[in-house]
Amino acid sequence: MALKFSFEQVVCSIFLFLLSFLSLTAFVPSAIAADDQLCDNRYLTLVNPVRGRELWVDKSLKPIRDQYKLVEKNQFAATWLIQFDVLDDDQLVKLLRDFNSDQEIGVFLEISKNFANKSRVIYPYDAAWFSPRAIFLSGYSQSERRRLIDKL
C-alpha cells in the first residue's frame with residue numbers, strides 16, 4: 001500500500017522543515033555566545049586536606065612538599081585544610097607557613113583521637129578512624145561539639 005501525499009502537503013512539510021531549521025540556526029549562535037560568556041566566570045579551587053602524620057604512609061614531609069611544588073610551578077592558588085593534629089607538628093606548621101601568599105590555609109574539621117582527648121571528649125574507640133561517628137562533628141553530642149570547636 002503506497003502512501004499518497006498531495007502537492008500542498010509536500011510543500012507545507014518542506015516549508016515547516018525550513019522554518020524550523022532557520023529558527024534553530026538563528027538560536028544556536030546566541031546560545032554559543034552565552035556559553036562563551038559563562039566560560040569567563042569559571043574557576044577551579046584546589047583543596048588539599050592535610051591530616052596528622054600518624055595517618056600518612058610516608059611520614060616524611062616529601063608528599064606535602066611535592067604537592068606544593070606542583071601548585072607553585074603551575075602558579076595555582078590552592079587551599080590547604082589542616083586537621084587539628086597538624087598544629088602539634090612543628091615541622092609541618094613551619095612548612096605550611098613558608099607557602100607563598102597565593103596559598104590559603106583553613107581548618108579541616110575532622111575529629112581524631114588526639115583532638116578528642118585534648119578537648120576532653122570521649123572518642124568512640126570501637127569505631128574505625130574514618131567512621132562518620134568518629135570523624136564528623138555529627139557523631140558527638142552538642143556539648144561535645146562545643147568543646148571540640150572551642151579547643152580548635
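- Heavy-atom neighbours of Lys69 NZ from other residues, nucleotides or ligands within 6.0 Å: at or below the threshold of 12.
- Side-chain heavy atoms closer than 4.5 Å link hydrophobic residues (I, L, V, M, F, W, Y) into clusters, and following such links, even through other members, never connects Leu95 to Leu70.
- When side chains are defined from C-beta on, Val47 does not count as touching Trp80, because their heavy atoms never get closer than 4.5 Å.
- You'll find the side chain of Ile111 stays beyond 4.5 Å of the side chain of Phe136, heavy atoms only.
- Note on Ile64: it clusters hydrophobically with Val107, by side-chain heavy-atom contacts below 4.5 Å among ILVMFWY residues.
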* Check the pair Trp129, Ile135 against side chain to side chain contact (heavy atoms under 4.5 Å, CB included), reporting the backbone distance first and the verdict last. => CA-CA 6 Å; Trp129 74 267; Ile135 204 166; 3.6 Å; yes
* To do: Kindly determine whether Lys94 and Asp90 satisfy salt bridge (charged side-chain N to carboxylate O under 4.0 Å, His left out), including the steps that lead there.
  => CA-CA 6 Å; Lys94 182 181 179 332; Asp90 293 337; over 6 Å; no
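- Checked by atom type and distance alone, the side chain of Glu144 pairs as donor or acceptor with a backbone atom of Ser141 at under 3.5 Å.
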* Derivation and outcome, side chain to side chain contact (heavy atoms under 4.5 Å, CB included), residues Phe99 and Glu72 -> CA-CA 9 Å; Phe99 286 1; Glu72 190 177 38; over 6 Å; no
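- Of the possible polar contacts, none joining the Gln83 side chain to the Val50 backbone as a donor-acceptor pair under 3.5 Å is found.
- Atoms NZ and CZ, on Lys151 and Phe84 in that order, are 5.5 Å from each other to the nearest 0.5 Å.
- Residues satisfying the side-chain hydrogen bond (donor to acceptor under 3.5 Å, both in side chains) criterion with Asp66, sequence neighbours excluded, are Lys62.
- Closest approach of Ala78 and Asn48 over heavy atoms only: CB-ND2, 3.9 Å.
- With rounding to the nearest 0.5 Å, the separation of CG in Leu109 from CG in Leu81 is 10.5 Å.
- Under 4.0 Å is where a charged nitrogen must lie from a carboxylate oxygen, and between Asp85 and Arg53 no such pair does.
- Every pair passing salt bridge (charged side-chain N to carboxylate O under 4.0 Å, His left out) that includes a residue from residues 99-111 is listed here, sequence neighbours excluded: Arg51-Glu110.
- Residues Asp126 and Arg133 are paired through a salt bridge, judged by an N-O separation under 4.0 Å between the basic side chain and the carboxylate.
- Atom CZ of Arg146 and atom CG of Leu137 lie 12.5 Å apart (nearest 0.5 Å).
- No continuous path of hydrophobic side-chain contacts links Ile122 to Leu152 [ILVMFWY only; heavy atoms under 4.5 Å].
- One finds the OG1 atom of Thr79 at 12.5 Å from the CZ atom of Phe108 (value rounded to the nearest 0.5 Å).
- In this structure, Ser131 contributes its side chain and Ala127 its backbone to no donor-acceptor pair below 3.5 Å.
- At distances below 3.5 Å, at least one donor-acceptor pair connects side-chain atoms of Tyr68 with backbone N or O atoms of Asn100.
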* For Leu55 and Phe130, what are the C-alpha separation, side-chain angles and deciding distance, and is it a side chain to side chain contact (heavy atoms under 4.5 Å, CB included)? -> CA-CA 11 Å; Leu55 296 174; Phe130 52 83; over 6 Å; no
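- Residue Arg65 holds its CZ atom at 7.5 Å from OG of Ser60, rounded to the nearest 0.5 Å.
- For the pair Val121/Arg145, no side-chain contact is recorded, criterion being any heavy-atom separation below 4.5 Å from C-beta on.
- Taken to the nearest 0.5 Å, the CD1 atom of Ile82 stands 8.0 Å off from the CG atom of Leu92.
- Formation of a donor-acceptor pair under 3.5 Å by the Tyr123 side chain with backbone atoms of Phe115 is not found in this model.
- Looking only at side-chain heavy atoms (C-beta outward), Ser119 and Tyr140 stay at 4.5 Å or farther from each other.
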